[in-house]
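Comments concern the structure below.
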Amino acid sequence: MPELPEVEIIRRGLEQLAVGRAIAEVSCSEPRSFPGFSPSVASTIIGTAITTIDRRGKLLIAHLDNGYSLLIHLRMTGQLVFRPAKKRLQATREQDPFASNADDGSFGGGHPNASLIRDLPDKTTRVIFRFSDDSQLYFNDQRKFGSIRMVPRSEVADDSFMQRLGPEPLLEDFTWQELKDRLPLNSRQPVKAALLDQSVIAGIGNIYADESLFGAGIHPLRPVLSLSDNDIERLHESIRCCLQQSIDDGGSTARNYVDSQGMRGEYLDLHAKVFNRTGQTCCRCGHTIEKTRVAGRGTHICPRCQK
DNA sequence: CACTTGACCTGTCCGC
DNA sequence: TGCGGACAGGTCAAGT
């Protein structure tokens, strides 16, 4: 479930790995993963290069030098993994970070920084971009919820999904006042549901909703209309703190998130306080972390710290 | 109108 | 061991 930090990590990785490479071939084995994909679309893409990669909320935007852009949404299980060209001579495992560790089935021999993904393509690979130097970019998506769309660059800003997105929470000019302006202050909707609403803030999903609310000491079921200015200020600070910390940690790997080189993120291990910590003791007060259900999502709280 | 639930998918995990 | 069912959660459509 890539959220803002994970998508940003992928963006930064692809900026280094994929920008500037000419696309020599593109294939799609699952129509749902690239609606409208056709030989004509492929021929439009072939021969172009990725000039820049932007992010808006959880959406990646790869601009091509042919006037089109690829809008890529990973939804829950989407991955974008770059692989360099296979070397003619087999490198030794010590030297090659992409060497297969298929024999023990663990994460790269147990090293936390080794690639989680082994040989690609695999059965979850939906779209493959091959570059002119034989390096490749794999769009993997186990559950087929993610998708790639190609739109003229001039129409990206008008895209209906883009238009509905709220502000970027990590931009300097995202103030607590703007958060207040965006929240439905007259609503009895649980504050967690509001945080998950991409038109309120762009990029927050289940993990960072839970972590941000814990950080602010706010119970996820609190109606938005019950929030004081002070609550909103603390929530604003907590959101930015959690998202930035996760980016610094390489994102969260709860299920199958990996970055553009197939690496796990470490936020959940290093800095998450409640998410996936049901039954553990709260780091702040020692009470047991509980799991409940809010807005149809699994929700992790410290019932003593969050009021 | 405000808010909640179900559908879209597949892999994993749990209890029987 | 195998099987059925719950669960995972981003987004949109449908339902209450």
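By convention in this document, chain letters (A, B, ...) are assigned in the order of the sequence lines, proteins followed by strands, and residues within each chain are numbered from 1. These numbers were taken from a predicted model, which means no experiment stands behind them.
Distance check on atom P: B:dC9 versus C:dA13 gives 15 Å, rounded to whole Å. Going from the P atom of B:dG6 to that of C:dA6 covers 12 Å, rounded to whole Å.
Within 4.0 Å (heavy atoms only), A:G205 reaches sugar-phosphate atoms of the nucleic acid but no base atom. Within the nucleic acid shown, A:Y208 has no heavy atom closer than 4.0 Å to any nucleic acid atom. If you check every strand for non-hydrogen atoms under 4.0 Å, A:R126 touches nothing. Residue A:G298 is classed as a sugar-phosphate contact, given heavy-atom separations below 4.0 Å to backbone atoms only. Within 4.0 Å (heavy atoms only), A:T124 reaches no atom of the nucleic acid at all.
The CE atom of A:M1 sits 14 Å away from the P atom of B:dT12 (whole-angstrom rounding). One can place CZ of A:R188 at 14 Å from C1' of B:dC1, the figure rounded to the nearest angstrom. Atom CG of A:L74 is separated from atom P of B:dC9 by 18 Å (rounded to the nearest Å). Rounded to an integer number of Å, the gap from CG of A:L183 to P of B:dC3 is 13 Å. Atom pair A:D197:CG and C:dC12:P shows a separation of 10 Å (rounding to whole Å applied). Whole-Å rounding puts the A:R32 CZ to B:dC9 P distance at 4 Å. With rounding to whole Å, A:I204 atom CD1 is found 14 Å from C:dG10 atom C1'. A:R75 has its CZ atom 11 Å from the C1' atom of B:dA7, to the nearest Å.
Of the candidates A:R56, A:R240, A:K58, A:R56 is the only one forming a salt bridge (Lys or Arg N to Asp or Glu O under 4.0 Å) with A:E168. Applying the ring-ring contact (aromatic ring centres under 6.0 Å, His included) test between A:H73 and each of A:F161, A:F34, A:F139 identifies A:F161 as the sole match. Just one residue in the list A:V294, A:L196, A:L235 forms a side chain to side chain contact (heavy atoms under 4.5 Å, CB included) with A:V191, and that residue is A:L235. Residue A:N140 forms a side chain to side chain contact (heavy atoms under 4.5 Å, CB included) with just one option from A:I128, A:T77, A:T124, A:L74, and that option is A:T124.
Contact record, A:F129 with A:I148: CE1-CD1, 4.1 Å, taken as the closest heavy-atom pair.
Looking at A:Y68 and A:T44, their side chains never bring a donor and an acceptor atom within 3.5 Å of each other.
At least one side-chain nitrogen or oxygen of A:K291 sits closer than 4.0 Å to the OP1 or OP2 atom of C:dA8. Residue A:R293 places at least one side-chain N or O under 4.0 Å from the OP1 or OP2 atom of C:dA8. Note on A:K123: every side-chain N or O is 4.0 Å or more away from OP1 and OP2 of B:dT10. Side-chain nitrogen and oxygen atoms of A:K144 include none within less than 4.0 Å of the OP1 or OP2 phosphate oxygen of B:dC8. At C:dG10, none of the side-chain N or O atoms of A:H73 fall inside 4.0 Å of OP1 or OP2 (strictly under the cut-off). The side chain of A:T77 places no N or O atom within less than 4.0 Å of a non-bridging phosphate oxygen (OP1 or OP2) of B:dT10. Put simply, A:Q198 has no side-chain N or O that comes within less than 4.0 Å of OP1 or OP2 on C:dG10.
An aromatic stacking contact between A:F145 and the base of C:dT11 is absent, as defined here by ring centres under 5.5 Å apart and ring planes under 30° from parallel.
If you check distances only, the side chain of A:R143 does reach the base of C:dA8 with a donor-acceptor pair under 3.5 Å.
Taking only side-chain atoms of A:Q142, from C-beta outward, the nucleotide of B:dG11, B:dA2, C:dG10 with the closest atom is B:dG11.
Using cut-offs of 30° and 60° on the angle between ring planes, the pair A:F174 and A:H236 is tilted.
With a cut-off of 3.5 Å on both Watson-Crick or G-U wobble distances, the partner of B:dC9 is given as none.
Nearest-nucleotide mapping onto DNA chain B: of A:R297 and A:N186, the residue sitting toward the 5' end is A:N186.
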